[in-house]
Amino acid sequence: MKKIVLKKSSAEEAAKPQKNYKIRYADELNAAQLEAVMHDTGAALIVAGAGTGKTRTLVYRVARLIEDGVAPESILILTFTRKSASEMLRRAAHLLDGRCEAVSGGTFHSFAHSLLRRSPRHLEALGFNGSFSVLDQSDAEDVVNLLRAQIAGGSEKADKNSKRRFPRKQALFDIFSTSANCVKTVASVVKAEYPQYEQETPAIEQLHGLYVGYKRRHNLMDYDDLLTHFLSIIRSAPEMKRDLQQRYRYIMVDEYQDTNQLQHDIVLELGGYHENVMAVGDDAQSIYSFRGANFENIMHFPDSFRHCAVIKLEENFRSTQPILSLTNEIISRAAFGYQKELYSRKSGSTMPAIIRTDNEQEQSQLIVQQVLELREQGVPLDEIAVLVRSGFHSFDLELELNRANIPYQKFGGFKFVETAHIKDIIAHLRVVANPKDAVSWNRILLLLEGVGPRTAAKIIDAITDGTVTLDNAHNVGSIIKSDENIRVLFSVLAKAAAQTQNVGEIAWQIIEFYRPLMKKKYDDYKKRLKDVETFGGIAERYRSINSLLSDMAIDPPVESVEDVAATGKDDEFLTISTIHSAKGLEWNTVFLIWALDGRFPPVRSFDTPDTIEEERRLFYVACTRAKERLFITHPINIFDRESGMVLGKVSRFIEGIPDSLADYFQVTQEEE
DNA sequence: TTGTCCCACTTTTTT
DNA sequence: AGTGGGACAA
């Protein structure tokens, strides 16, 4: 028989004699928040709807624990982005005092990464050493592709017809990654997610084995490996686990709805002894299923502990009631019932607007005009955001903003470190840090004239088996016909490896070497050169190549290309952001553009109910970012190349919303 | 073996 | 539209 624990009511809790706290918790928080903040030991799940003061609650709890004498170092906050971790600690420090800065925090990946680096002994047991390189997704895909070519090369002749069916690198990597994140076998992932490749399962499994072996041999880890290897180390090294459990007595995990099985397992290992784990999240805001998160996970969280308090935050402090009424309606149409009806005490007379325009330019012009008007009315640019489903949805708008001289920063979408030329530079640094890094070797060798895949492979083999090292480049001559370029390359790298210069100097030398290569490779050389120089500037800030590299891989600059290069950032700016990157943030005024069925939700999500539901939650997240004004815009009759369809309907998520919940507008051009 | 040209396909979203 | 891969010529 199961036990039911009767909890103290929050009234009783508040009536308890308060200790002598510096902060007046009872006055500054509502009952549910207070209950969460005062929660002491044992597991707890905080189900916090959008805008209900989730971050505030976490911040206050940190302060409260410290006021009660808990050592700041023994608190660990795992968050979704590095930004939100530092923001939280900053707020806590502001609220209480500098002690809060000593709280440990970061993303799962950065946390695992730093512990791995600090455990060389355990790494060696796994076949790695402390100077491993971190592969980002595209690097990892390149490795998979390399191996894929080897397998295909062998079997190609045998059955050329079936070659067509073999999954591409992206699909393969996705299978491996899902398998790691959901802690499932490769075969079962193929069966569930890629049934069309089921007959290829043995080859896919073989490839997976090769991939795992390759990474180990070359001292490489992808994002998933940071977590899986960390987990296997703490599982196999009891003394280390005990040490960590001892060190982190209080664990808080933010955005729990977006964690996956692997991350959940890590939380259990770390918090399994004290069970002082507090998870915070909202099932209605789960938007990372493509990374293995499942919104149901958060609901099963209590099952993993002997006791788990469940606290719901339902009062929204962010948005006005008209906005909430609309967002409540949007989420209530979901196929799965989320047991939540948010309410707000903020009245407000402005209704959300749903605006139809004839085409994309009109939509962009409308935004520009509205932004200018809002600014007249005294809404600062910092308080305005334009949210998009996918990064490229804002291209036209960006042109229009430039024309109108409205400064903006873009978050999400294509990132600085993902551009080819920056990856080239980084590859040079990577081989210095980890000479076994064959992917990077391959990348930089192919840049040289006269070096193709074949020659590159020869050189890499020689490096891997030790015939050639950075400082005895002349050995290269015995393998291939030596060449001026290669000698220069090796001398630059050898000099870097000698560690007589600082990181900035090394980076600039590599840039010098790379510059002529880049000039030949790209016709927009000038633009790219600027990026490369920006990178040089960034590199100067680092004390070691390794820390530069891990930051670039795990915690890269979030701004997209143009902004990193842009100077004078301190000015006020408008925010353009993907919805995924807007998570947890809020603005006075939010524009959600391209709310067109087929764009949002995208055509490709139409097939399965699960993906549509995820899109719906995404739409919900977007709308709940608005405090006072919400504009949803959509052009009409847009030809979609991808599907070959003409898109002519407003997004299904707001189709048929009654006039009582939103004002409808149609944009028309002014008559001359 | 490398380099070039052309065609097909692809694009979410992030660590 | 821009990349990646395959076919083919040098």
Side-chain angles (χ1 to χ4, degrees), chain A residues 78-85 106-113 134-142 145 148-149 152 156 160 163-164 166 168-171 174 177 180-181 221-228 255 258-260 262-263 286-293 387-393 395 411-415 417-420 445-458 480-481 483 520-524 550-556 558 560 577-583 594 598-605 611 614-615 617-619 621-622 640-643:
Chain A
L78 294 172
T79 53
F80 206 71
T81 63
R82 178 71 86 78
K83 201 167 78 183
S84 60
T107 60
F108 277 91
H109 291 90
S110 64
F111 178 69
H113 173 256
V134 179
L135 300 174
D136 71 18
Q137 179 158 339
S138 68
D139 299 327
E141 284 171 5
D142 289 346
N145 210 30
R148 191 185 93 118
E156 203 172 359
K160 210 163 190 173
K163 196 190 102 190
R164 192 162 272 166
F166 201 70
R168 306 210 162 272
K169 62 174 181 184
Q170 241 182 18
D174 189 53
S177 180
N181 280 296
M221 289 199 200
D222 62 26
Y223 289 137
D224 304 327
D225 293 330
L226 295 176
L227 302 184
T228 47
E255 311 283 9
D258 288 323
T259 58
N260 52 42
L262 180 56
Q263 291 165 324
S286 166
I287 53 175
Y288 278 87
S289 67
F290 64 89
R291 230 170 77 186
L387 302 184
V388 290
R389 172 65 185 87
S390 313
F392 68 88
H393 287 172
F395 286 170
F411 298 90
F414 207 62
K415 276 189 252 28
V417 284
E418 287 166 5
T419 54
L445 290 171
L446 285 178
L447 289 170
L448 305 175
E449 199 169 342
V451 180
R454 217 71 197 208
T455 317
K458 270 192 212 156
I480 54 144
K481 208 173 78 179
D483 158 87
K520 249 190 56 198
K521 194 171 162 191
Y522 303 105
D523 34 7
D524 55 349
S550 25
D551 261 19
M552 288 304 126
I554 295 171
D555 194 27
V558 281
S560 61
S577 174
T578 60
I579 302 170
H580 284 89
S581 304
K583 178 179 171 104
W594 282 114
R599 272 298 216 284
F600 193 4
V603 178
R604 78 184 83 79
S605 70
T611 52
E614 172 127 331
E615 295 293 326
R617 292 190 294 267
L618 200 50
F619 201 101
V621 169
D640 183 64
R641 232 192 329 272
E642 212 180 309
S643 60

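Below, read A as the first sequence line, B as the second, and so on, with proteins coming before strands; counting in each chain starts at 1.
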Asks: Strictly below 4.0 Å: does A:N145 bring a side-chain N or O up to OP1 or OP2 of C:dG5?
Replies: yes

Asks: Hey, is A:Y288 doing a stacking thing with B:dT13, by the 5.5 Å centroid and 30° angle criteria?
Replies: no

Asks: Starting at atom CZ of A:F619, determine the distance to atom P of B:dT13, rounded to an integer number of angstrom.
Replies: 18 Å

Asks: Measure CZ/A:F392 against P/C:dT3 and give the value in whole Å, please.
Replies: 15 Å

Asks: Could you check how far CG of A:D258 sits from P of B:dT14, rounded to whole Å?
Replies: 12 Å

Asks: For B:dT1, does OP1 or OP2 lie under 4.0 Å from any side-chain N or O of A:T455?
Replies: no

Asks: Taking only the side-chain nitrogens and oxygens of A:Q170, find out if one of them lies under 4.0 Å from OP1 or OP2 of B:dC9.
Replies: no

Asks: Please report, rounded to the nearest Å, how far the P atom of B:dT13 is from the CD atom of A:E255.
Replies: 19 Å

Asks: A:T107 or A:A456: which one's nearest nucleotide on DNA chain B is closer to the 5' end?
Replies: A:A456

Asks: Grab the CG-P distance between A:D139 and B:dT15 for me, whole Å please.
Replies: 15 Å

Asks: Indicate whether any N or O donor in one side chain lies under 3.5 Å from an N or O acceptor in the other, for A:E614 and A:S289.
Replies: yes

Asks: Take A:G452 and A:S390, find for each the nucleotide of DNA chain B with the closest heavy atom, and name the residue whose nucleotide sits nearer the 5' end.
Replies: A:G452

Asks: Under 4.0 Å: is that the gap between some side-chain N or O of A:S110 and OP1 or OP2 of B:dT15?
Replies: no

Asks: Just how far, in rounded Å, is C1' of B:dT11 from CZ of A:R604?
Replies: 6 Å

Asks: Would you indicate which nucleotide in B:dT15, B:dG3, B:dT13 comes nearest to any side-chain atom of A:E449?
Replies: B:dG3

Asks: Rounded to the nearest angstrom, tell me the gap between atom CZ in A:R291 and atom C1' in B:dT15.
Replies: 5 Å

Asks: Is any side-chain heavy atom of A:Y288 closer than 4.5 Å to a side-chain heavy atom of A:N260?
Replies: no

Asks: What is the minimum heavy-atom distance between A:R148 and A:K169, and which atoms define it?
Replies: CD-N, 4.5 Å

Asks: Please report the distance, rounded to the nearest Å, between CG in A:L135 and C1' in B:dT15.
Replies: 13 Å

Asks: Identify whether any heavy atom of A:Q137 sits under 4.0 Å from a base atom; if not, whether one sits that close to sugar-phosphate; answer base, sugar-phosphate or nothing.
Replies: base

Asks: Would you find a donor on one side and an acceptor on the other, under 3.5 Å apart, between the side chain of A:W594 and the backbone of A:R599?
Replies: no

Asks: What contact category does A:R454 fall into here, base, sugar-phosphate, or nothing, at under 4.0 angstrom with non-hydrogen atoms?
Replies: sugar-phosphate

Asks: Counting only side-chain heavy atoms from C-beta out, which of B:dT14, B:dT15, C:dG5 sits nearest to A:K169?
Replies: C:dG5

Asks: I need the A:H580 NE2 to A:D258 CG distance, nearest 0.5 Å.
Replies: 8.0 Å

